[in-house]
Amino acid sequence: MQIAILLYDKFTVLDAVGPFQTLAGLPGAEVVFVAEQAGPVLDDTRTLSLVATKSLAEVSSPDIVVVPGSPEPALDNEALLSWLRAVDATTTWTTSVCTGSLILAAAGLLKGRRATSHWLALEQIKQFGVDSTGQRVVFDGKYVTGAGVSAGIDMGLTLAGKIAGDEHAQTVQLFIEYDPQPPYDAGSPEKAPAALVEKLRAQAVAETVS
């Protein structure tokens, strides 16, 4: 079972690493980090990189594809979009985390489907004909989308349970001690202080305009 995690310039690291940590232990799994060219790929902070062990051309039929998000998702990168369309024809599962769902949508893979994304991108993804939902993890056929950044862990665990059973997924959860007890209850726009929500919305709009 080949699991291909897509990397591209300015991707968000936890979007990729969360699913890696939860899916790498699947029976028979081979995980490859893939990018346009093999080599290091810088994240959105420009201070950390992951190494793509294979180029897009070297990975033609993965069983599972994971597309991480980014503050600047690669919506116009035709090389990535074409590769996603090609491999999606034979994948068992096509997945994303955060605004990675925007990339799947831009490739035309989510039209008419239910999907989630980062809460700041839920309106934008509707422009691609997607039935947008703010749920943490959404399954629609073989397409699995996770909400913002940390939801990649939930997405990976849920998918691991679908593939290898609840006990396997629970074992992974226990091993990585995934037992969230956050110091604040501000992890969604419904719970966070209204002023903070509006501040982030304003920042997102400003960055889009600039």
Side-chain angles (χ1 to χ4, degrees), residues 1-8 11-34 59 61-70 73-75 80-81 83-119 121-122 124-126 128-173 176 178 180 188:
M1 181 193 302
Q2 187 180 61
I3 303 171
I5 301 177
L6 181 64
L7 303 179
Y8 56 90
F11 76 101
T12 298
V13 169
L14 187 56
D15 287 5
V17 173
F20 167 75
Q21 194 73 58
T22 49
L23 295 173
L26 284 170
E30 174 208 11
V31 181
V32 294
F33 286 91
V34 59
V59 180
S61 56
D63 299 284
I64 300 174
V65 169
V66 179
V67 182
S70 166
L75 304 185
L80 297 187
L81 300 182
W83 179 81
L84 284 169
R85 293 185 197 106
V87 298
D88 179 69
T90 56
T91 57
T92 303
W93 300 98
T94 296
T95 77
S96 67
V97 180
C98 196
T99 55
S101 58
L102 288 177
I103 299 175
L104 292 181
L109 303 179
L110 297 181
K111 189 172 183 178
R113 297 187 176 277
R114 294 178 69 253
T116 190
S117 193
H118 191 283
W119 63 272
L122 290 176
Q124 184 180 359
I125 199 171
K126 291 179 181 178
F128 295 98
V130 177
D131 181 5
S132 174
T133 168
Q135 291 176 258
R136 185 79 168 166
V137 179
V138 174
F139 279 73
D140 189 327
K142 72 171 186 176
Y143 299 94
V144 191
T145 53
V149 191
S150 64
I153 299 175
D154 299 69
M155 188 278 289
L157 282 174
T158 307
L159 183 56
K162 289 276 188 181
I163 295 170
D166 293 341
E167 184 174 336
H168 171 84
Q170 289 170 335
T171 300
V172 173
Q173 180 180 7
I176 66 174
Y178 181 53
S188 74

Of all the heavy-atom pairs spanning V144 and M155, show the shortest one and how long it is.
CG1-CG, 3.7 Å
If I compare all heavy atoms of S70 with all of Y8, which pair ends up nearest, and what's the gap?
CB-OH, 3.4 Å
D140 side chain near D131 side chain, heavy-atom distance below 4.5 Å:
no
Please find the pair of heavy atoms, one from V59 and one from A4, that lie closest to each other, and give the distance.
CG1-CB, 4.1 Å
May I ask you to test the V172-L157 pair for a side-chain heavy-atom distance under 4.5 Å?
yes
Holding to side-chain hydrogen bond (donor to acceptor under 3.5 Å, both in side chains), I want the full list of residues that pass it with T12, two or more places apart in sequence or in another chain.
D44
Please report the shortest heavy-atom distance between A29 and A24, naming the atom on each side.
CB-O, 3.7 Å
Side-chain contact test, heavy atoms from C-beta onward, threshold under 4.5 Å: evaluate it for I125 versus S101 and give yes or no.
yes
Using a 3.5 Å distance criterion without hydrogens, assess whether the side chain of Y143 forms a donor-acceptor pair with backbone atoms of S96.
no
In Å, rounded to the nearest 0.5 Å, how long is the span from CD of Q124 to OG of S132?
10.5 Å
If you round to the nearest 0.5 Å, how far is CD1 of I163 from CE of M1?
5.0 Å
Heavy-atom closest pair, residues P62 and W83
CG-CZ2, 4.5 Å
Here's a test for you: under side-chain contact (heavy atoms from CB on, under 4.5 Å), which of V137, T94, V138 qualifies with T145?
V138
Sub-4.5 Å side-chain heavy-atom contact between P19 and V97
yes
Could you measure the distance from the CG atom of L7 to the CG atom of L80? Nearest 0.5 Å is fine.
10.0 Å
On a heavy-atom basis, the closest approach of G156 and L23 is O-CD2, 3.4 Å
Could you give me the CA-CA distance, side-chain angles and deciding distance for L159 and F139, then say whether side-chain contact (heavy atoms from CB on, under 4.5 Å) is met?
CA-CA 9 Å; L159 183 56; F139 279 73; 4.3 Å; yes
The reported gap from CG in L110 to OG1 in T116 (rounded to nearest 0.5 angstrom) is 11.0 Å
Is any side-chain heavy atom of D88 less than 4.5 Å from a side-chain heavy atom of V65?
no
Student check: side-chain heavy atoms of I103 and L81 closer than 4.5 Å:
yes
To the nearest 0.5 Å, atom OG1 of T92 lies from atom CD1 of I64 at 7.0 Å
Test: side chain to side chain donor-acceptor pair (under 3.5 Å). Region: residues 153-165. Which pairs qualify, not counting sequence neighbours?
R136-D154, D154-Y178
Roughly how far apart are T171 OG1 and D166 CG, rounded to 0.5 Å?
10.5 Å
Could you label the plane-to-plane angle of the F33 and F20 rings as parallel, tilted or perpendicular, counting under 30° as parallel and over 60° as perpendicular?
tilted
